Amino acid sequence: QVQLVESGGGSVQAGASLTLSCATSGRDFSYNAMAWFRQASGKEREFVAAIDWNVQSTHYSESVRGRFIIARENGKKMLYLQMNDLQPEDTAVYFCAGRRGALYHSGATFDYWGQGTQVTVSS
């Protein structure tokens, strides 16, 4: 019943921007932390960004800090990832995730996952 559906992925050239969206349903995530993860081919899943129930509390991996912005609109049950200045190393399947806890911390477990959306960046 709980669904997280990502959209907005695609193929772009280095330097371009994309905004990913995650539509949630079946659960009210208003008091839960949300996050984006990514997994490149042949590599482990990697944390990208998270946002606490307090929308002003955000967290980013060092690789995307300053380039990506995570945001949420709880009233619309939506999570977003604005990706700027994309680079080939950003190529991966991006996953939307939610947890029952209100705050994010390194190593936090996430309980709900989307199916992912592919982002491909060409040099």
Side-chain angles (χ1 to χ4, degrees):
Q1 190 67 32
V2 177
Q3 294 186 36
L4 283 69
V5 181
E6 303 94 336
S7 62
S11 298
V12 299
Q13 294 187 356
S17 297
L18 281 175
T19 297
L20 305 182
S21 298
C22 173
T24 69
S25 62
R27 179 185 174 86
D28 181 5
F29 287 96
S30 296
Y31 286 85
N32 303 142
M34 302 289 292
W36 290 94
F37 291 80
R38 67 187 182 187
Q39 186 169 20
S41 296
K43 298 183 179 180
E44 296 182 346
R45 186 175 60 195
E46 173 189 25
F47 169 78
V48 176
I51 185 166
D52 293 344
W53 74 272
N54 179 343
V55 298
Q56 296 181 17
S57 300
T58 57
H59 316 263
Y60 298 93
S61 68
E62 291 301 317
S63 63
V64 307
R65 192 183 306 277
R67 295 190 298 124
F68 291 10
I69 301 172
I70 188 170
R72 66 194 299 173
E73 292 184 280
N74 291 340
K76 297 181 179 180
K77 301 183 184 299
M78 296 290 291
L79 176 73
Y80 305 98
L81 182 68
Q82 180 182 332
M83 305 182 293
N84 302 308
D85 192 26
L86 284 162
Q87 300 299 313
E89 53 265 37
D90 296 316
T91 295
V93 176
Y94 284 71
F95 298 92
C96 171
R99 70 190 309 260
R100 294 188 175 95
L103 307 177
Y104 171 80
H105 57 85
S106 181
T109 58
F110 283 78
D111 305 290
Y112 307 97
W113 295 83
Q115 296 300 306
T117 185
Q118 177 71 48
V119 173
T120 301
V121 185
S122 302
S123 61

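Everything numeric here is computed off the predicted structure, so don't read it as measured data.
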Main-chain N/O of [Y] paired with [X] side-chain donor or acceptor, under 3.5 Å:
| X | Y | value |
| --- | --- | --- |
| Thr58 | Ile51 | no |
| Gln87 | Asp85 | yes |
| Thr91 | Thr120 | no |

Who pairs with [X] by side-chain contact (heavy atoms from CB on, under 4.5 Å), at least two apart in sequence or on another chain?
| X | value |
| --- | --- |
| Ala108 | Arg99, Tyr104, His105, Phe110 |
| Ser17 | Asn84 |
| Ala102 | Trp53 |
| Val12 | Ala16, Leu18, Leu86, Val121 |

Straight-line distance of [X] [atom1] to [Y] [atom2], nearest 0.5 Å:
| X | Y | atom1 | atom2 | answer |
| --- | --- | --- | --- | --- |
| Met78 | Ser21 | CE | OG | 4.5 Å |
| Ser57 | Ile70 | OG | CD1 | 11.5 Å |
| Thr24 | Phe29 | OG1 | CZ | 5.5 Å |
| Arg38 | Leu20 | CZ | CG | 11.0 Å |
| Ser63 | Glu46 | OG | CD | 4.5 Å |

Testing Thr109, Asp111, Asn32 one by one against Arg100 for a side chain to side chain donor-acceptor pair (under 3.5 Å), which residue passes? Asp111
Around Gln115, counting heavy atoms of other residues, nucleotides and ligands shown, do more than 12 lie under 6.0 Å from its CD? no
If I compare all heavy atoms of [X] with all of [Y], which pair ends up nearest, and what's the gap?
| X | Y | value |
| --- | --- | --- |
| Ala33 | Leu103 | CB-C, 3.8 Å |
| Ser122 | Pro88 | C-CG, 4.4 Å |
| Leu4 | Cys22 | CB-SG, 3.9 Å |
| Cys96 | Met34 | SG-CE, 4.2 Å |
| Glu62 | Arg65 | OE2-NH2, 3.0 Å |

Are [X] and [Y] close enough that some pair of their side-chain heavy atoms sits under 4.5 Å apart?
| X | Y | answer |
| --- | --- | --- |
| Trp36 | Phe68 | no |
| Ser11 | Gln118 | no |
| Val48 | Tyr60 | no |

Test: side chain to side chain donor-acceptor pair (under 3.5 Å). Region: residues 66-75. Which pairs qualify, not counting sequence neighbours? Arg67-Asp90, Arg72-Asn74, Glu73-Tyr80
Take Trp113 and Phe37, measure what ring pair (Phe, Tyr, Trp, His ring centres under 6.0 Å) needs, and give me the verdict at the end. CA-CA 10 Å; Trp113 295 83; Phe37 291 80; 4.9 Å; yes
Any salt bridge (charged side-chain N to carboxylate O under 4.0 Å, His left out) pairs touching residues 4-30, not counting sequence neighbours? none
